[in-house]
Amino acid sequence: MAAVTSTILALVKSGAHVILFADCYRRTRQFVTTFLDRFGVSNTLIPPADVEALAAAIRPETRLVIAEAPTNPYQTVPDLEQVAEICREKKVKTLIDSTFATPVNFKPASYGIDIVVHSATKYLAGHNDVLGGVVAGKAGLVSLVRDLRSVFGACLDPHAAYLIHRGIKTLALRVEQQNASAQALAERLEHHPRVRQVWYPGLPSHPNHDTAKRLMSGFGGVVTFEVDGDLQDTSRFVDACQIPRIAPSLGGVESLIEQPALMSYFELSTEEREAIGIKNNLVRYAVGIEDTGELIADLLRALESTG
Ligand SMILES: *Cc1c(COP(=O)(O)O)cnc(C)c1O
């Protein structure tokens, strides 16, 4: 989050306007809509992947557009090529949080995105044992972030830096395995009688599949699905899975599973969650690098034993 907040702060000042897709990482949204708002930076939230809404929301004082792909938990992939084009024309900077895609699956700079941030906590470090972030882009922009970072003190400690550096050496291998497993899981879950719906950009049924196919060389390691059942049924299923650990986060070598209604969004009521599309029976599965067949067998066993 220090990478995200330092980058945004380096690029805006009082009076500026920021546009962000409503389904971006919730702490980023919180930072822009509450913190920045207090310092006279206004914002507009636009619907997920809605590039027309983006064009309409740009004002003379708009400085920055913040996007993500794929987003959490519904894996929306906005057409970032169009986003970059619209913003370049209007001289608005583009920031993408590319944590979910990783540099293996998506290369934002080649689509004209100005600045890229990653939570290195996830895939880059890759072992669920470190917190850190990355900012990448043209030297002129990154040096603004570096200066600000020195003032705010968001510095990585040497051991965390070492772990991230070491993790990156196996990034490509891990992500390829995670892409393959997630695709296989998504395909297997999609037609399972105990699963109502699956969201994975690698499935032709995903609303942004065509965009994802054009922009990305892999579809990532996160599969989101709705179990056929209520809050308790879904919890029973999650508990019955034996390989993934029950935890938020993603991107490590071990698979993680979570029920967003009870974890990431636990403080909201069922009604408040429904309003932002987080159903009680929603599950997010972030695959690790375990054997694909074993992951699928474990999932099927858990679905069948709790059905
Ligand atoms: C986890 C995450 C963050 C925040 O990262 P931390 O390393 O936990 O500070 C930001 N953006 C996205 C998309 C994330 O998944």
Side-chain angles (χ1 to χ4, degrees), residues 1-9 18 20-36 45 48-49 64-78 80 83 94-106 108 113 115-137 145 149 152-157 159-161 163-165 167-168 171 174-175 178 182 199 201 208 212 216 219-224 245 247-252 254-258 260 263-265 276 278 284-288:
M1 278 313 299
V4 173
T5 57
S6 306
T7 303
I8 297 173
L9 280 171
V18 173
L20 64 169
F21 288 93
D23 59 345
C24 70
Y25 187 65
R26 61 198 291 246
R27 298 294 181 201
T28 303
R29 195 170 61 226
Q30 184 183 356
F31 175 70
V32 173
T33 59
T34 62
F35 184 89
L36 279 189
L45 291 178
L64 182 64
V65 169
I66 303 169
E68 266 171 54
T71 62
N72 183 50
Y74 292 108
Q75 317 255 12
T76 303
V77 181
L80 294 168
V83 169
T94 44
L95 162 64
I96 176 164
D97 179 338
S98 205
T99 300
F100 271 56
T102 79
V104 179
N105 288 335
F106 182 57
I113 301 288
I115 200 152
V116 187
V117 297
H118 288 274
S119 166
T121 309
K122 313 290 171 53
Y123 293 97
L124 298 187
H127 295 73
N128 290 324
D129 55 4
V130 67
L131 281 166
V134 169
V135 181
V145 181
R149 194 259 334 240
F152 282 151
C155 289
L156 204 60
D157 73 87
H159 188 63
L163 288 175
I164 293 169
H165 193 244
I168 285 175
L171 177 69
R174 287 186 279 108
V175 171
Q178 284 160 319
W199 288 268
N208 305 128
M216 300 169 66
F219 302 110
V222 178
V223 182
T224 305
R245 283 139 215 251
S249 199
L250 61 142
E254 291 117 356
S255 292
L256 302 178
I257 192 166
E258 76 146 336
M263 295 171 64
S264 307
Y265 297 89
I276 52 168
I278 304 297
R284 191 185 77 177
Y285 197 115
V287 305

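Computed from a predicted model, the values in this text were never measured in an experiment. Ligands are counted one by one from 1 in listed order, and the atoms in each one are counted from 1 as well.
L45 has its side chain within reach of L20: a pair of non-hydrogen atoms, C-beta onward, lies under 4.5 Å apart. Between Y265 and I276, the closest side-chain pair of non-hydrogen atoms falls below 4.5 Å. A 4.5 Å side-chain heavy-atom check between V77 and M216 finds at least one atom pair inside the cut-off.
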Under 3.5 Å: N or O atoms of ligand 1 paired with protein N or O:
from: ligand 1; atom 1: 5 (O); to: S119; atom 2: OG; distance (Å): 3.0
from: ligand 1; atom 1: 7 (O); to: S119; atom 2: OG; distance (Å): 2.7
from: ligand 1; atom 1: 7 (O); to: T121; atom 2: OG1; distance (Å): 2.5
from: ligand 1; atom 1: 9 (O); to: M1; atom 2: N; distance (Å): 2.8
from: ligand 1; atom 1: 11 (N); to: D97; atom 2: OD2; distance (Å): 2.6
from: ligand 1; atom 1: 15 (O); to: K122; atom 2: NZ; distance (Å): 2.7

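Of the residues D97, T76, L80, the one that meets the side chain to side chain contact (heavy atoms under 4.5 Å, CB included) test with E68 is D97.
Take R26 and apply the salt bridge (Lys or Arg N to Asp or Glu O under 4.0 Å) test, not counting sequence neighbours, and it matches E267.
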Could you walk me through whether S264 and E258 satisfy the side-chain hydrogen bond (donor to acceptor under 3.5 Å, both in side chains) test, starting with their C-alpha distance in whole Å, then the side-chain angles of each, then the deciding distance to 0.1 Å, before giving a yes or no? CA-CA 8 Å; S264 307; E258 76 146 336; 3.0 Å; yes
